[in-house]
Each structure stands twice: as structure tokens, then as C-alpha cells.
Chemist: 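What follows is a structure written as C-alpha cells; I'll ask about it next.
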Amino acid sequence: MTRARTTTILLAALLAATIAGCAPQPDPAATGAGAAADCAPGALPTLAQGTLTIGTDQPVYPPWYLDDDPTSGRGFESAVAYAVADDLGYPRDRVTWVRVPFNAAIQPGPKTYDLNLTEFSITEERRRAVDFSSPYYDVRQAVVALKTSPLARSTTVAQLKGARLGAQIGTTSLEQLNASVAPTTPAAVYNTNDDGKLALSNGQTDGLVVDLPTAFQIVGSDLPEATIVGQLPAGGTLEQFGAVLDKDSPLTGCVSAAVDRLRERGTLAALEQQWIQADGAAPELR
Amino acid sequence: MSASAAAAGPPPPSPLARERAAYRRSRSRRSTLIALASTLVFAGLLVAAVAGSPGWPRVRETFLDPQIAWESLPAVLSGLWLNLRVLVVAEIGVLVLGLLIAVLRTLRGPVFLPVRLLATGCVDLFRGVPLLVALYLIGFGLPALRLQGVPTEAAVLGTLTLVLVYSAYVAEVFRAGIESVHPSQRAAARSLGLTHRQSLRLVVLPQAVRNVLPPLLNDFVALQKDVGLISVLGAVDAIRAAQIESARTFNFTPYVVAALLFVALAAPTGRIADAFARRATRARSGS
């Protein structure tokens, strides 16, 4: 009896010790978070000393990344990422990439990346959870439909209202679809644009809303039987992509400054020209 | 004499019996107190460990934001309405198809070999294929055939897939139930002059279904949650609605809202299953 009780008390003590033991200590490096770093080239307080870790989703799509390979420097976001890194004093061989699914990229715990470029639209609501760099791209949304569909001949937003439209989850395409079209049939929401494209070619949806560069990519190579119906009205605010950083990251200011310098130097415009053929060929829907 | 004894009632407990009863009461009071104290200490340690962690304020903000919970509730609720409708239709389909497959699998006689093989094949196939894969194959593959009359509605295709996959599980539950009925029951029914079908319908199945009610309800709860997977086909159910809200705000509170709603949905089913199980035990023990 006494033996049993001693064992019980020991076990309880062990349990308590375990719980106390797994309470993590505050990360000493994190205490400096929020303080503006001096952006010394190549010596930023990054996750891994001496290298810049850049995150992106898996898979990633053209024209943002070509062949699902962010390390190639090919594709708009890959090129921008390397340009930003270079400007911060991290040449190509000091950049590493990590693959981060959407939910993992925005979770509240420690991040596995220094900055993340995966077509993240900057919004005030999202700013409560993460930091955004200065915007590196201005986005428009477009509707894609099969050439054979009556929807393909629409010229006004009102003509889209009755159609079955789809968009990818977690995108502003979906938000803008609901805000500016407000379809009478609830929008279909897909995990990826690939699923959306499949549903479109199956005839399960009449149209797919994507950002304009993706729309050009779809009609250009993925789904030649489709066509761009037109661009959705821009709405109240301009939509822009920014790099996501951990909330109160010491790097945010440095990355923003780098993006701003690239814009002033015309590098961003040149990269846009090189990788995105969004030359305004898609008509505006009124 | 017997009347006076009845009026006096049972004799008062002996001092020894009273002492025993008092001892038992004190022991039970003591263990209640210990259980209470232990639970409080444990909960305290847990709260201290979680709330004292350096990331807690941010976790609370990200997962337990009351304002975002309130704002996301209408969207999640309207998604849950789709879940409920799909659940009811799918459950009816599953029970019918599952029972059919089970009965086909238990048919005897060499003539029925092809039917038995087909039923067994169905069970093996649909029980083996992961639900998510089955949803993709049927949900996107069936409309790709471009046949006349094939539905293209995500909810319809999703329900169809759920019925096929869950019937495979439920058929096996039904079959176990049918085989749990002692062969003598069937023999007795046949000797009374009932046909094979009559004995199955009137004697075997009622007992079989009662035996397997708890596992059937268990499958029902599993189905309640898996209904959410049809969202991969584009339908906006409760989980997908939560995901949309979460992507809009970069906040995970909508998932917690959806989780609580699903728990609220599953809890009653669990209690019903418990009640059935208790009743079955009582019936078997004959009290």
C-alpha cells in the first residue's frame, strides 16, 4: 500500500516535471524582434546565420515560378526573390528555399522562412497576423471560360451573374468574384487552380476567376480551348502582392527597402516584362 | 405472525453493518476529494504550461479571437447546412446499399458465386481506396466522361462517392451482424416453414441489426466528419467556409468555430450509441 502510494506520488511529480519541462523558454533571438535592424549587407539576423531562407508553396505555378522550381531564378517571383536577396547582400549561393504550405505559412508559431513570396495579397486584416514587405506587383483579376461556352462572349459583369463560377481558396480571386460579380449560384471553391481548370474543362463550372498573369498562362499553354473573357473591375482598392514575413520580423524594413530600390531602379518593371505577358490584351468587363 | 413481521420492516442493521457502511461512505468521500484535487492540480498545471508559454498571447489571438469567431459564424453555419443535407442523404444511401451488399455476400449456393464475387470486389475496392482519392476520381472523373445525364454538381458527386465508400464499411458491419445470429435461429425458422427470404427478413436481420447498432452509429459519426471532404470538389461546406474566412484574415479562429459545431453535431450521436449499447447489454444479461 505504502509502496503503491509512493509510486503514485512519484508518477504525479514526474508528470508535473514533464509539463514544466516542456514549457518552452522564450527564444533569446526573438527578444530583439520588432527592433529595426541596420540592414548591414549580408549580415541580417536571419534564421540561418549567413543565408537568407525564402519560402514558397508546393507546387508553385507559372508565370510566378517555372517548372515548380523556385531555385532556378526563372519565373517572376523566383527572379524577384533573387533580386531582393542580392540587394540585401545575399548572392545566389547564399539563398536557400523552403516549401511551406499555405496554412503553415501563416500560422502563429515560429516561421521556417525569413520571407515568403507566393502571390500573397496585402490586406489590412492579414497585417494583424503577419508582416508584409512593400508590394512588388499590382494584380488584376480575370475570368477564364471555354471558347465554346456562351459565357466567353460576355462583355459586362452583369452577364456573368447567372453563371457557375469558380476560384481557388485563399485567393483574392475568390473575394473579388464574390464582391464584384456576386453570382446567383454560390461560387465553387477549389484547393488549387489545377482542380479549377479540371472542373472548367469538364463543364462543372462555366468560368474560373484567376489573376491576370495566371489567366494568360492558362489560355496560353494549360488549357488552349479556353479564352480570357475579360478583367474584373478593379474595385475600390488596388490589389498588390507583397512578401510575407513573421509578425514584427526584424527583416521587414530591410526587405521593404530592397523592394523599393528595385522598383526605383526599374528592375521590377523589367522582370515583369520578362516573365509576365500581361500586356493589357484582356478586355475590361464593365 | 408473518403480517406483524412485514409491518415491522426489515430489522435495523447491526452495529457492525452500520460501521461498515460508515467506513465505506468515508472512503468514497475521500476518493471523491482526491479525484477533485488531482483534477484541479492537473488542470492548473496544464493551464499554467499553456498560458505561461511565450507564444500564448499570439496563439490566443490566432485561434480564439471572439470577434472573428462571431463574424465567421454565419458562413460556417450555412456551410454546415450543406453538410447536414449531404449527411442525411448519404446515410440513407449507405444503409440501403450496405445492407444490400451484406445480404448478397451472405447468399449461399453455387449459382450466386458471381454475385458474391461482385459484392466482395466492391467491398475490397471501396474500402481500400482512400476517400480523398475516391472523391477526386469520381468527382472529377465521372463528369470528364461527358455522358448525358451524369451530374456535374459537386455536392451530388460527393454524396455518391461517400455512399459508395461508406457502404463498403457498413456492409461488413451488417455482415458481422448477420453472422453473429446463431445458425440454429435460421434452422428453426426454416423448420417452421419460412422461406429463405422470410427467415432472413423476419428472424435473422432484426437480431443482426440490433447486434450491430453501436458500430453502425460509430460509422455514422465518422461519416458526419468525412462529409466535409466533399469540399475538394468545389462545394462550400462548413470546413471550406472556415478555410475561406481563415484565408481572408490569416486567422485560424474559424476552424475552431467549425470544430465546435461538428462536436456539437457528433456528441448526441455518441450518447445515443451509448444508450443503445447499455440497452443491448441489459437485454443480453436478461435483467
Side-chain angles (χ1 to χ4, degrees), chain A residues 8 12 15-27 30-31 102-103 105-110 120-121 123-130 132 164-172 174-175 178 185-192 194-196 198-199 201-205 244 246-248, chain B residues 34 38 41-42 44-63 65 68 71 78-79 82 132 136 139-146 150-157 231-237 239-252 255:
Chain A
T8 318
L15 183 71
T18 315
I19 290 175
C22 64
Q25 304 304 310
D27 186 353
T31 49
F102 182 83
N103 276 337
I106 57 166
Q107 50 77 31
F120 285 108
S121 299
T123 69
E124 281 313 307
E125 272 172 320
R126 292 174 170 186
R127 261 191 220 283
R128 284 164 60 184
V130 294
F132 283 106
R164 292 177 300 173
L165 298 171
Q168 186 189 328
I169 180 106
T171 60
T172 25
L174 177 60
E175 277 185 56
N178 285 326
T185 313
V189 184
Y190 299 99
N191 277 348
T192 63
D194 280 344
D195 291 353
L198 193 56
S201 64
N202 279 347
Q204 290 170 277
T205 46
V244 159
D246 197 6
K247 183 87 184 142
D248 301 325
Chain B
I34 291 178
S38 148
V41 167
F42 186 75
L45 280 173
L46 209 61
V47 166
V50 172
S53 62
W56 170 242
R58 228 165 127 190
V59 167
R60 194 182 51 200
E61 219 170 89
T62 314
F63 287 87
D65 184 319
I68 288 181
E71 283 168 7
S78 80
L82 176 72
L132 206 52
Y136 267 110
F140 285 132
L142 212 53
L145 296 174
R146 291 164 184 274
V150 167
T152 57
E153 194 68 31
V156 177
L157 288 162
S231 64
V232 297
L233 302 180
V236 180
D237 79 315
I239 300 171
R240 183 49 62 103
Q243 203 179 356
I244 293 170
E245 291 298 307
S246 158
R248 199 171 60 78
T249 55
F250 282 12
N251 189 297
F252 291 81
Y255 286 123

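We use all heavy atoms of the structure for the numbers below, so side chains are in, but hydrogens, waters and symmetry mates are not.
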Chemist: Who passes side-chain contact (heavy atoms from CB on, under 4.5 Å) against A:Ala187, sequence neighbours left out?
Modeler: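 Testing A:Ala187 for side-chain contact (heavy atoms from CB on, under 4.5 Å), a comparison that skips the adjacent residues, returns A:Leu174, A:Leu177, A:Asn178.
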Chemist: Need one label for B:Val236: side chain, backbone, both or neither, based on atoms under 4.5 Å from any heavy atom in chain A.
Modeler: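 For B:Val236, the contact with chain A is made by the side chain alone.
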Chemist: Measuring heavy-atom distances to chain A, does B:Ala144 have an atom under 4.5 Å in its side chain, in its backbone, in both, or in neither?
Modeler: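 Both parts, heavy atoms under 4.5 Å.
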Chemist: I'd like to verify something: which residue of A:Leu198, A:Thr123, A:Thr171 has the highest number of heavy-atom pairs under 4.5 Å with chain B?
Modeler: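 Among the listed options, the one with the most contacts to chain B is A:Leu198.
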Chemist: By a 4.5 Å heavy-atom criterion (distance strictly below it), what part of B:Glu61 contacts chain A: side chain, backbone, both, or neither?
Modeler: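 Side chain of B:Glu61 only, per the 4.5 Å heavy-atom cut-off to chain A.
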Chemist: In terms of heavy-atom proximity below 4.5 Å to chain A, should B:Phe140 be classed as side chain, backbone, both, or neither?
Modeler: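 For B:Phe140, heavy atoms of backbone and side chain both lie under 4.5 Å from chain A.
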Chemist: By a 4.5 Å heavy-atom criterion (distance strictly below it), what part of A:Glu124 contacts chain B: side chain, backbone, both, or neither?
Modeler: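 Neither the backbone nor the side chain of A:Glu124 comes within 4.5 Å of chain B.
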Chemist: Answer yes or no: is there a donor N or O on one side and an acceptor on the other, between the side chain of A:Thr185 and the main chain of A:Arg164, under 3.5 Å?
Modeler: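 Between the backbone of A:Arg164 and the side chain of A:Thr185 there is no qualifying donor-acceptor contact (under 3.5 Å).
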Chemist: What part of B:Thr249 gets within 4.5 angstrom of chain A, counting heavy atoms only: side chain, backbone, both, or neither?
Modeler: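 Answer is both: backbone and side chain atoms of B:Thr249 are under 4.5 Å from chain A.
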Chemist: How close do B:Ala155 and B:Ala235 get, heavy atom to heavy atom, and via which atoms?
Modeler: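 Of all heavy-atom pairs spanning B:Ala155 and B:Ala235, the closest is N-CB, 4.5 Å.
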Chemist: With rounding to the nearest 0.5 Å, note down the distance linking OG1 in A:Thr192 to CD in A:Gln168.
Modeler: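 Nearest 0.5 Å value for the OG1-CD distance: 6.0 Å.
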Chemist: With chain B, which of A:Ser201, A:Pro186, A:Ser121, A:Ala167 has the greatest number of heavy-atom pairs at distances under 4.5 Å?
Modeler: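 Option with the greatest count: A:Ser201.
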Chemist: So which of A:Arg127, A:Glu175, A:Glu125, A:Arg126 has the largest heavy-atom pair count under 4.5 angstrom toward chain B?
Modeler: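 Among A:Arg127, A:Glu175, A:Glu125, A:Arg126, the one with the most close pairs to chain B is A:Arg126.
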Chemist: What part of A:Val130 gets within 4.5 angstrom of chain B, counting heavy atoms only: side chain, backbone, both, or neither?
Modeler: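 Just the side chain, heavy atoms under 4.5 Å.
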Chemist: If I compare all heavy atoms of A:Asn103 with all of B:Phe252, which pair ends up nearest, and what's the gap?
Modeler: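 Scanning both residues completely, I find the closest heavy atoms to be O-CZ, 3.4 Å.
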Chemist: Pick one of side chain, backbone, both or neither for B:Asp65, based on which atoms fall under 4.5 Å of a heavy atom in chain A.
Modeler: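 Contact with chain A is through the side chain of B:Asp65 alone.
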Chemist: As a quick check of understanding, evaluate salt bridge (charged side-chain N to carboxylate O under 4.0 Å, His left out) for B:Arg58 and A:Asp246, giving each step before the final call.
Modeler: CA-CA 12 Å; B:Arg58 228 165 127 190; A:Asp246 197 6; 3.0 Å; yes
Chemist: Suppose we screen for side-chain contact (heavy atoms from CB on, under 4.5 Å). Which residues come up paired with B:Glu153, at least two apart in sequence or across chains?
Modeler: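 B:Glu153: side-chain contact (heavy atoms from CB on, under 4.5 Å) contacts with B:Val156.
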Chemist: Is the closest side-chain heavy-atom distance between A:Arg128 and B:Ile68 below 4.5 Å?
Modeler: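 The answer is yes, as the side chains (C-beta and beyond) meet within the 4.5 Å cut-off.
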Chemist: Between A:Ala105, A:Ala199, A:Pro108, A:Gly196, which shows the greatest number of heavy-atom pairs under 4.5 Å with chain B?
Modeler: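 The candidate making the most pairs under 4.5 Å is A:Pro108.
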Chemist: Give the member of B:Asn251, B:Val59, B:Val41, B:Leu233 that has the highest number of heavy-atom pairs under 4.5 Å with chain A.
Modeler: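 So the answer, after comparing B:Asn251, B:Val59, B:Val41, B:Leu233, is B:Leu233.
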Chemist: Please look at B:Ser231 and chain A and tell me whether the side chain, the backbone, both or neither of the residue comes under 4.5 angstrom of a heavy atom of that chain.
Modeler: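 B:Ser231 touches chain A through backbone heavy atoms alone.
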Chemist: Describe, in one word, how the ring planes of A:Phe102 and B:Phe250 are oriented to each other, choosing from parallel (under 30°), tilted (30 to 60°) and perpendicular (over 60°).
Modeler: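 The arrangement is perpendicular - the two ring planes meet at more than 60°.
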